[in-house]
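Input: a single structure, listed below in C-alpha cells.
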Amino acid sequence: MDFVHLHVHTEFSFLDGAARHDELLARAKALGMPALAVTDHGLYGVVRFYQKAREFGIKPLIGCEVSVEAGNQGRRASGDQESGAAGDREGSYHLTLLARSTQGYTSLCRLLTAAAAGRPATPSYRSPPVAWQHLAEQASDLIALSGCRQGEVPSLIAQGQTEQAVAALRRYQALFGAERFYLELQNYRTPENRVLLRRLAAFGQEKGVPLVATNNVHYLEPLGYRLHEVLAAIRTLTPLEAGSGPRSMEQYLKSPAQMARLFREWPQAIANTQRIAAECQATLPLGQPQLPAFPLPEGETAFSLLYKLAFAGATWRYRPLRPEVARRLQEEVEVIHQLGLSDYFLLVWDIVQFARRAGIRCSGRGSGADSLICYCLGITQVDPLACHLPFGRFLSLERREMPDIDLDCDSTRRDEVLRYVYERYGGERVAMVATVNTFRARGAVREVAKVLGYAPGEIARLTERLPHIPADQIGQAMATLPELQGEAGTEEESLSLLWQMAEQMDGLPTHLSVHVGGVIVGPRPLAETMPLQEAAKGVVIAAFDKDDVEALGFVKLDILSLRSLAAIQYAVELIEQQHGQRPDLEHLPLDDPKVYALLASGQTVGVFQLESPGQRELQRRLLPREFFDIVCAVSLFRPGPVQGEMVEPFLRRRHGQEKATYLHPALEPILKETYGVVLFQEQVLEVAHAVAGFTHGEADLLRRAMTHDRSAEEMARIEGLFVAKAVARGVTEEVAGGIFRQLRGFAAYGFCRAHAQSFALLAYQTAWLKVYYPAEFFAALLTHQPGMYPPGVLLHEARRCGVGVLPLNVNHSSERYTVEQGAIRLSLAQLKGMSRPALCAILQARETGGPFVSLRDFCQRVRLERPIMEDLIRAGAFRSLEASSTRSLLWELPRLFREDNNPIPGMPPAALPSFPLTMQEEFQTETSLLGFSPENHPLDFYRAELRQRGVVRSGELAHLANGMRVEIAGQVVGWQTPPTKSGQRVIFLTLEDEDGLIQVVIFPRAQERCVPALYSSSLLLAQGTVQRRGGATTIIAEAIKGVGL
Amino acid sequence: MGRRVDEAISVELNGERSAITAFSWRGERYAVQSVGAIWTEPRRWWRGEGERTWFQVTACGLVYELYLDHQTRGWFLGFVRG
C-alpha cells in the first residue's frame, strides 16, 4: 500500500532534526515513495529541500510544525467566556501545517512572520509560537494535522479531557474546514503509546474526523535516535544523564510496508497520506525575478534615468570623453536593460549617494568593478577601461545571473547605511539575509562533551588543540597531528564515543544568524515569499540564506562593514586635527617611490591586504615598483595560486630569471603584463575570446565550468568545444589543446582582477598613510584593529617606525587612541574591564569639570566601582597626578571610597615607605591589564641570557648566510596552516622580538619536535636554518621549546 | 501493574526465527499463546548500554514481558503482569 510521510523534521529543525535532506530523499526514493513532506520548526530549509526533492524526482510537500499559543483560543475564536478549557493552560501546542497551494505557502510565510514580529531576539532554534489570531488570519489554503502527543487534541485525549478535546477539535475544524483538519496518529509500539493511539483513533472515528498516519520523523535509521538525543540535550542545555521525558527510537523514516503493518487496524489513515499528498500542489516561485522598483521621478523610466546618470558620470570621470567610453557605456546600459536590472543599479547608486552625502566612506568592490557603469555612477573606484576589465565577467546575457555588488562601508557607520535602506524602501520590502551556522570540529566536540558530562577544564583541553576543520575530519586529525596524539587519543572508550558523535554532527545546522552584509529589497512585501524575523538591534532578517533568496529570484546587495575604512577615515580626521589639512586619498598619485620602498622592505604590518606573513615575504621578493605590482600581489598570495604553483614562475620571470613563453601570439598582449602567467579570471575570458572567439559572456560560462567539479567526460566536452572554435579561427588543434590545458590549470585559481584593483587601491592608501603619517595611522589601526595583529604588535611596529607611545592617563586618554605631538596616546578602552558606562563617566566628568587634579578629586567626581579604580591605578593612569607609588595609591584607595573621607580605623597612616614595583612586576601588570606592555618587550628580561647563548635577533638575520644554522627567540604572534599542493600540513609561525617579526616555517618532519611548544608557551626559542629567497628571510624550524617567564 | 524480574531466560523461536514460541525460566518451560506489543527501548547508550527489544507475550494466562538485550544478545524476563 502506498504511503507518504507527512510529518518530517530535517536538519533544519535546529538541534532537533537529525536527518539530512539528501539522506531522507535518497531513502524515500529507494522506498518508492512518490512524495515527502518537510515540516520543520519554521521554513528554514524549505528552498533547498524543494530543489533537492525535484532533483530526486520526489514531489516536495511544503509545510512546517508550529507551536500554537495556549490560553486564547476559546476567547478569541468564539468570543465566549469559557474558562478551565485547555485554552487557559500555559505553554503552547504543536500543530502540523501543510500548504495546499502556493497561496498556502504564502500563508505559512505570513503566519511565521506575524509570530516573530516584535519578539525579542533569541537563539533561533525554532520559530516563535503563533497566536490563535494569526492562525485564524492565515489559515487559507492550509491542511492541518493535529500534531504529535504535544498537539492540543492529542494531549487532551491523553489526559482524559474528552469534552475539552471536542471543543478544541471544533475550533480547528471551524478554522481549517472539517475536511482539512486531520487527526494525526503515531504508533511507536510501546504499550503506553498504543493506549493513546487507540483512544485517539476511537475519538476520531466517533467524531467523524479523518485520520492520518505519521511517524514524526526526526532521523533516518533507528539508531539515529542517539544523535537526536544529543542534539536535544545540547538544545535544552541538559546532560544526557539528566534527560527526562519519553524516549523513542521509532521516529525514523519507516517504509510504506512498515507503516502499513503498524496501522493495519486503520487503513484509511494510510490511504489519507496519499490523498493529502495529491491535494498539496504548492510550488515555490523559483527563478522568477523579484527585482526592486526604484522610486522614479515623473517622466522617467528606470532605463532613462540610469542612462542619464551613467553618461553624466562618464563626463565626470573622463575628461575628455572618449568614443570607446561612450561605446562601452552603451553596451552595458543595454545589457542591464535587457536583463531588467536598471532599477537595481539605481538602487545601488542611490545608497552610495546617501553614504557620500552623510560623509560615510563607502566603496564598491568585487566583480562590480568590471563595470564602467558602476565606475561612472561612483559605485566603484576602478577604471575598467584602463585596467582591461571586461563587463562579461560581471554581467552578461549569456549567463543571465543576478549581479552581486559588494559595498564596503566604514564599520562604525555601516548601520546608518542599512537604516537608510530600510527607511527609503519600506521595512516590509527590505530584509537582511540569514546565514545558517553549522557544526565544525571544535564546536561539535565542545557541545557533545558538555552533554556527556565532561568538566569544563577537560573540554577546554580537548578542544584547544583541535584545528579549525570540519567535524567529519576529526578522526583523520587524531591520527595524523602530533599535538593530538597521546593525551587526546582514542584509546579510551568514552573519548571514542565523543569523537564519534562529534563526527556525526558535521555540517548540521545549529542556528540562524545575520549575514555579514547581505540585503534584499523586493518589489512587494517580502513576507509573501519568505518568513521574516527580527535579529538583535531590531534588524529584520529573512529566514533564508543567500542561496535561497537568489533561488527565489531576489538580488542580494552586500553592504559590508570594513574596519579598514573606519581606520582610514579616523586617520584622515587625526591628520586634519594634527596638521590642519585633510589628505585627499581618492586622488593620490599612485607612483610614490617612498610607498613602494616601504612595500619592498616587507615592513607592511598594518597595510591593508599586505600585512600577512606570506604577503610580507612576497613583497620582499616581488619588490613592487608600480601600482599594478600591488594588484598582482593581492591576487598572487591566495591559496589558489600557491597551490597552483603560479607564484614562483611569476617571480622568476618578473626578475628576468626566466623568459615568458606563449603558445600563440594572441596570448601575448593578454598575458604579457603578468609574465605569461594566467593570474586573473578576466584573462581567462580574454584568452577564450581572442583564441576561440567566445563572447565575454560565453567565456565566463566556460571559466565557471572549468572551476567547478566536472566529470572527465564533461571536461572533455568543454575542451572539445574550445578547440573546435579555436581551430575554426585558424589555430592548430595541438596549440588550442595546449592553451585550454593552460587555462584549465589556472582557471580554478585565478583571482578577479576587478576585486584586486579595488583592494590594491586601499592597500596603497594605507601604505601611504604609514609612510607619511605613521602616528595617526597607527592610532587609527589601534582604535579599529582591522588587521590580523593584536595591539601589542601594532605598538611595537609603531615604535619601530619612530612613533612614541604615551601611557594611559586619566586626563589625556580618551575612548580612542589619539595623537599628541607625534606620539600615540593609549586609549582608556584598552584597559580590560573598562565598561562603556565607566568610560563615558570619566569623559563626561572631564568635560564638565575640567582635568582631574588628584586621585581624590577623581574619586569624588567619577563614581566607579573599586575593581576598575584599582586597575586604572595599576595601569599607571594616575602617574602624572600623583607622585606616590602604585602600591601607595592602592593602599589609599579604600579610604577615598569612604563618604566621610576619614581614615579606616586601625589602618596605618596614608604615607608608606615607597617600595616600587620591579620592572618585571610592572610588565606583568601592564600585560594583564592592557594585553601588552607599552614600555617593554617580554624578551627584555631574557635578552642578556639569550645573547650569551648565541640567540640571534631578527634585526641581525639579514646578515646571515643562506643555510646557516641559527637560534632565534620571540613572542608568538600567530600561526597559519594554509592549504598546500601536497595536502600536508605546513605551519607558518610568526614570532616577534624587540627588532620585529620573524617568519618560521615548520614542515611536517619537524612538527613533532616543534608543535607541542606552541600550545604551552607564548615565548619560544626556535632552532633552525636560515632560508633566503630574494629579500625575504625565513627560519626553517628543526626544534622549538618554550622560554619561561 | 506487574512484578519486575530481570532474570535470564532462554527462548525458542519458530522456524523462520520470526516469532517466539516458548521460553524457559527457572527451569520451567512456558509455551507462548500469543504475542502482543513489540517495541524497542533506548537505554543509556552513552554508558555502553545496548537497546532492548521488548516482547509482550501471553503464556498460561499471564502476560510476560521479555526483552532481548542488543549489547549482550541475551534474553531476559523483565516483568510478569497480571
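Note on naming: letters A, B, ... go to the chains in the order of the sequence lines (proteins, then strands), and numbering restarts at 1 for each one. In this text, all values refer to a predicted model and were calculated from it rather than measured experimentally.
Residues meeting the side-chain contact (heavy atoms from CB on, under 4.5 Å) test with A:Gln476, sequence neighbours left out: A:Gln473. Residues satisfying the side-chain contact (heavy atoms from CB on, under 4.5 Å) criterion with A:Gln150, sequence neighbours excluded, are A:His94, A:Cys148.
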Quick check - list every chain A-chain B donor-acceptor pair under 3.5 angstrom, one line each.
{"from": "A:Arg189", "atom 1": "NE", "to": "B:Ile38", "atom 2": "O", "distance (Å)": "3.3"}
{"from": "A:Arg189", "atom 1": "NH1", "to": "B:Ile38", "atom 2": "O", "distance (Å)": "3.4"}
{"from": "A:Arg189", "atom 1": "NH2", "to": "B:Thr40", "atom 2": "OG1", "distance (Å)": "3.4"}
{"from": "A:Tyr225", "atom 1": "OH", "to": "B:Glu51", "atom 2": "OE2", "distance (Å)": "2.4"}
{"from": "A:Arg226", "atom 1": "NE", "to": "B:Glu51", "atom 2": "OE2", "distance (Å)": "3.1"}
{"from": "A:Arg226", "atom 1": "NH2", "to": "B:Glu51", "atom 2": "OE1", "distance (Å)": "3.2"}
{"from": "A:Arg226", "atom 1": "NH2", "to": "B:Glu51", "atom 2": "OE2", "distance (Å)": "2.9"}
{"from": "A:Glu229", "atom 1": "OE1", "to": "B:Trp45", "atom 2": "NE1", "distance (Å)": "2.9"}
{"from": "A:Glu241", "atom 1": "OE1", "to": "B:Arg47", "atom 2": "NH2", "distance (Å)": "3.0"}
{"from": "A:Glu241", "atom 1": "OE2", "to": "B:Trp46", "atom 2": "NE1", "distance (Å)": "2.9"}
{"from": "A:Glu241", "atom 1": "OE2", "to": "B:Arg47", "atom 2": "NE", "distance (Å)": "2.5"}
{"from": "A:Glu241", "atom 1": "OE2", "to": "B:Arg47", "atom 2": "NH2", "distance (Å)": "3.0"}
{"from": "A:Arg247", "atom 1": "NH2", "to": "B:Arg43", "atom 2": "O", "distance (Å)": "2.9"}

